[in-house]
Amino acid sequence: MKLSKSFVPTLKEVPADAVIPSHILMLRTGMVRMVSAGIYSFLPLGYKVLRKITDIIREEMNAIGGQEFHLPGLNPKEIWEATGRVEGFGDILFHVKNREYVLAPTHEEIMAFHAKGTLKSYKDLPQIWYQIQTKFRNEPRPRSGVIRGRQFLMKDSYTFDATWEDLDKAYELHDQAYRKIFDRCGLKYFVVGASSGAMGGNKSEEFMVKSDAGEDTVAYCESCSYAANVEVATSKIETVNRDDNSKELYEIHTPDVKSIDELCEFLKINQRETAKSRVYIHNGEPLLVLMSGNDEVNETKLNTVIGGDVRPGHPEELQNITGADAGSIGPIGFKHRIIADNRLRNGNNLYSGANKNDYHIGGLDLKRDVPAIEYFDLRSVESGEGCPRCNGKLEVFKAIELGHIFKLGTKYSEALGVYYLDEKGESHPAIMGSYGIGCERVLACYIEQNYDDKGIIWDTTLAPFSIHLIALNMKSELIANKSNELYDELSKAGYEVLFDDRIDASAGFKFNDADLLGMPVQIIIGERNLKEGKVEIKNRRTGDKDTIALDELKLKLKELLQ
RNA sequence: CGGGGCGUAGCGUAGUCCGGUUAGCGCGCCUGCUUUGGGAGCAGGAGGUCGCAGGUUCGAAUCCUGCCGCCCCGACCA
């Protein structure tokens, strides 16, 4: 492709609205342009890369027996009402104003609709159906460029099986296919076991990429690949001491001491000798949660453990319930349910609030003084804590979800009537699985992992072009002729070549554009070298430059672009 | 939906607090000449509903009211 005739609007300056590297670089390289919040147009260069990603996905899906569909984005609302998901999705679902249609945010319903009455016998199963289609979700806050959009491209597949064992196989096939896809795309990713949330169903795994732009926080162990969302992650930590002798309870005057840090400072003690109190309102009743030192209450874990409605108490409520303000609350004299984090189990000689402002108590023995206490895992793991599976250390960081595989079960087949007859002629709902990949996220994550201060660094697999041919001065007849000749020759040899044949762009301008666009190999045609029958070849990733004879070029390219 | 920031030419911005000529600058764009190994030089030129609507005023980018849009943090989220 000749740059002089192409629409590749690169930007020298950083657009004000872009913050994360992938967003900035996708705008600067002219891959995408925003139309509205969370709505992007893909320009030719960006679309070329997106196509390479979907081609890889398609190949790997076909390899496990997937059959590609093309489904409508516009869906009758009726079908969505059948599964209760008009309500389920709520404001996330886009509604069409002048018809009873919705814009599909995913396609379980439509796939099940097609399966109904056609997958009639166990002999028709299993099936793997997939599509690569635009989804619509009215995200309250689109962000990070293409990573969270209101309209986005997703590969979604759905499996229909007769038995749970067969579902396991379909799930396993997807698991393997996803690993191949992300490996081929050159991404560093990891896999997290997750709860399946609003999708309904049993087991699920998320394929994640570490990134500050991520929306999930995960704990990961480098040595054994343990990975879990912090909402469920556990770690190996030391529990608090239980001394041989329990002291008696005693009151301490602690003026203006509110936080655990202040208490530790005031009493010259370690935070593990303290029990922090947090008051929640659970189904209308007060609930005291005790944590060791500065450990934070993980509200997701709390919710899972006790169920129902939970919220932190308001300041006035705390005063009414305990007679004290936050910072002076404690378990002694608290007349409602008390639960504590496992770390505090059976601790004694602890310090805690006295339910009286400016007073704390010492000598607290949870076993003796709070007999009705219940222990649960309630804390969030932190970086540096021990991996629960091996002797490694956990790292806690933000991550982007690239793909998600679910064992759905029979929710949709039952709601939409996808039943088959088994060998005995008995009717059963088909057992479904659902598997998604965010295609633009693959692109954005690749860039997040492969850039430098000059621009993007493409590997050959996803690169829009493998060779960036730079003719330094197109007004020189020698250069113009030779570079055009090379362009034809390399194109015929099967290389995808981006030819910077712009007549008025200066050398430096072309170099910087080439580094920004980031094709794996640059071939630089300059007058000096050319007069000696030589060209320069540059490896974008390493920055290595070689001046080589023209007749060595093909060999060198083979070496660099294998 | 809560908090914060922003909206001036294609992009990046100054001016806004404290109202007063023709709204300034850099990049980009157009024309001509020169230049071509790391974002060229000179000369000339085009391009603006100052987000929108209303108000105050002799006079509004600037002050007031309402609305819209965009970014960030939080809440929410396959």
Side-chain angles (χ1 to χ4, degrees), chain A residues 9-20 23-24 27-28 30 33-39 85 88-93 104-109 135-145 147-150 152 154-156 158 194-201 204-207 212-216 229 231 299-300 311-312 398 401-406 408 412 434-438 441 454-455 470-476 478-480 500 502-516 522-531 534-536 538 543 545 547:
Chain A
T10 58
L11 300 172
K12 207 186 291 187
E13 284 167 299
V14 177
D17 287 341
V19 176
I20 65 165
H23 189 197
I24 291 171
L27 288 169
R28 286 194 56 208
R33 284 289 126 97
M34 188 180 83
V35 174
S36 174
I39 304 176
R85 289 173 107 199
F89 270 100
D91 196 47
I92 295 290
L93 189 66
T106 171
H107 279 87
E108 279 83 2
E109 275 76 0
K135 312 285 173 188
F136 302 89
R137 294 187 191 180
N138 185 23
E139 294 293 344
R141 180 149 99 86
R143 70 187 94 177
S144 305
I147 287 173
R148 186 170 211 72
R150 294 215 166 105
F152 57 97
M154 174 162 150
K155 187 290 298 182
D156 48 327
Y158 305 91
S195 63
S196 41
M199 297 299 288
S204 83
E205 274 172 352
E206 293 172 331
F207 291 76
D212 289 337
E215 301 178 297
D216 294 286
N229 200 299
E231 292 174 357
E299 296 188 356
T300 309
R311 63 169 175 82
K398 295 266 189 189
E401 180 187 343
L402 278 181
H404 203 157
I405 56 180
F406 301 93
L408 270 185
Y412 297 97
S434 157
Y435 319 83
I437 294 178
R441 284 186 178 183
K454 289 284 199 177
I470 304 168
L472 286 187
N473 180 6
M474 284 300 281
K475 282 180 186 161
S476 148
L478 180 67
I479 291 179
D500 194 341
R502 289 175 296 182
I503 207 154
D504 46 2
S506 68
F509 198 93
K510 291 185 175 186
F511 286 135
N512 282 310
D513 255 3
D515 287 343
L516 174 64
Q522 297 170 13
I523 300 175
I524 298 146
I525 316 289
E527 197 139 31
R528 258 201 328 263
N529 283 328
L530 197 54
K531 278 181 178 155
K534 290 177 176 174
V535 295
E536 186 174 292
K538 174 176 163 182
K545 291 184 220 171
T547 305

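Bear in mind that the values here come from a model prediction, so they are computed numbers and not experimental data. Per chain, numbering begins at 1; letters A, B, ... match sequence-line order.
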I need the [atom1]-[atom2] distance between [X] and [N], as an integer number of Å.
X: Glu231(A); N: A75(B); atom1: CD; atom2: C1'; value: 13 Å
X: Asp216(A); N: G74(B); atom1: CG; atom2: P; value: 13 Å
X: Arg148(A); N: G74(B); atom1: CZ; atom2: P; value: 13 Å
X: Asp91(A); N: C76(B); atom1: CG; atom2: P; value: 16 Å
X: Leu11(A); N: C29(B); atom1: CG; atom2: P; value: 12 Å
X: Leu472(A); N: U35(B); atom1: CG; atom2: C1'; value: 14 Å
X: Met474(A); N: G37(B); atom1: CE; atom2: P; value: 15 Å
X: Glu139(A); N: G74(B); atom1: CD; atom2: P; value: 15 Å

Close N or O pairs between protein and nucleotides 12-16 of chain B (under 3.5 Å):
| residue | atom | partner | partner atom | Å |
| --- | --- | --- | --- | --- |
| G12(B) | OP1 | Ala16(A) | N | 2.8 |

Notebook entry, point to check: Counting only distance, no hydrogens or angles, is the base of G38(B) paired donor-acceptor with the side chain of Lys545(A) under 3.5 Å?
Noted result: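 Counting by modelled atom types and ignoring angles, a donor-acceptor contact under 3.5 Å is found here.
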
Notebook entry, point to check: Do Asn529(A) side-chain and G37(B) base share a donor-acceptor contact under 3.5 Å?
Noted result: yes

Within the 4.0 Å heavy-atom criterion, would you say [X] contacts the bases, only the backbone, or no part of the nucleic acid?
X: Glu401(A); result: nothing
X: Ser36(A); result: sugar-phosphate
X: Tyr435(A); result: nothing
X: Thr547(A); result: nothing
X: Gly526(A); result: base
X: Ile479(A); result: nothing

Indicate yes or no: does [X] engage [Y] in a salt bridge with an N to O separation below 4.0 Å.
X: Glu139(A); Y: Arg148(A); result: yes
X: Lys538(A); Y: Asp515(A); result: yes
X: Lys398(A); Y: Glu215(A); result: no
X: Asp156(A); Y: Lys135(A); result: yes
X: Arg85(A); Y: Glu108(A); result: yes

Next item on the list: Considering just the side-chain nitrogens and oxygens of Ser506(A), establish if one lies under 4.0 Å of OP1 or OP2 belonging to U36(B).
Entry: no

Note to self: Can you tell me if Arg33(A) touches the phosphate of G10(B), counting only side-chain N or O atoms and a distance under 4.0 Å to OP1 or OP2?
What the structure shows: no

Margin query: Stacking between Phe511(A) and G38(B), defined as ring centres under 5.5 angstrom apart with planes under 30°, is that present or not?
Written below: yes

Measuring from the side chain of [X] (C-beta onward, heavy atoms only), which nucleotide among [options] has the closest atom?
X: Arg143(A); options: G38(B), C72(B), G37(B); result: C72(B)
X: Arg141(A); options: A75(B), G38(B), G37(B); result: A75(B)
X: Asp515(A); options: U36(B), G38(B), C76(B); result: G38(B)
X: Lys12(A); options: G28(B), C71(B), G37(B); result: G28(B)

Checklist line | Greater than 12 external heavy atoms within 6.0 Å of Arg528(A)'s CZ | finding: no

Check: Which comes earlier along RNA chain B counting from the 5' end, the contact point of Lys454(A) or that of Lys475(A), where each point is its nearest nucleotide?
Finding: Lys475(A)

Check: Say you pick atom P in G47(B) and the same atom in C42(B); how far apart are they, in whole Å?
Finding: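 Pairwise P distance, G47(B) against C42(B), rounds to 23 Å.
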
Distances under 3.5 Å only, N/O to N/O: pair up the protein atoms with those of nucleotides 44-50 of chain B.
none

Next item on the list: Report the secondary structure of RNA chain B in dot-bracket form, marking unpaired bases with a dot and bases paired to a different strand with |, and treating Watson-Crick or G-U pairs with both distances under 3.5 Å as paired.
Entry: (((((((..((((......[...)))).((((((.....)))))).....(((((..]....))))))))))))....

Next item on the list: Ignoring hydrogens and angles, state whether a donor on the side chain of Ser204(A) or His404(A) is under 3.5 Å from an acceptor on the partner side chain.
Entry: yes

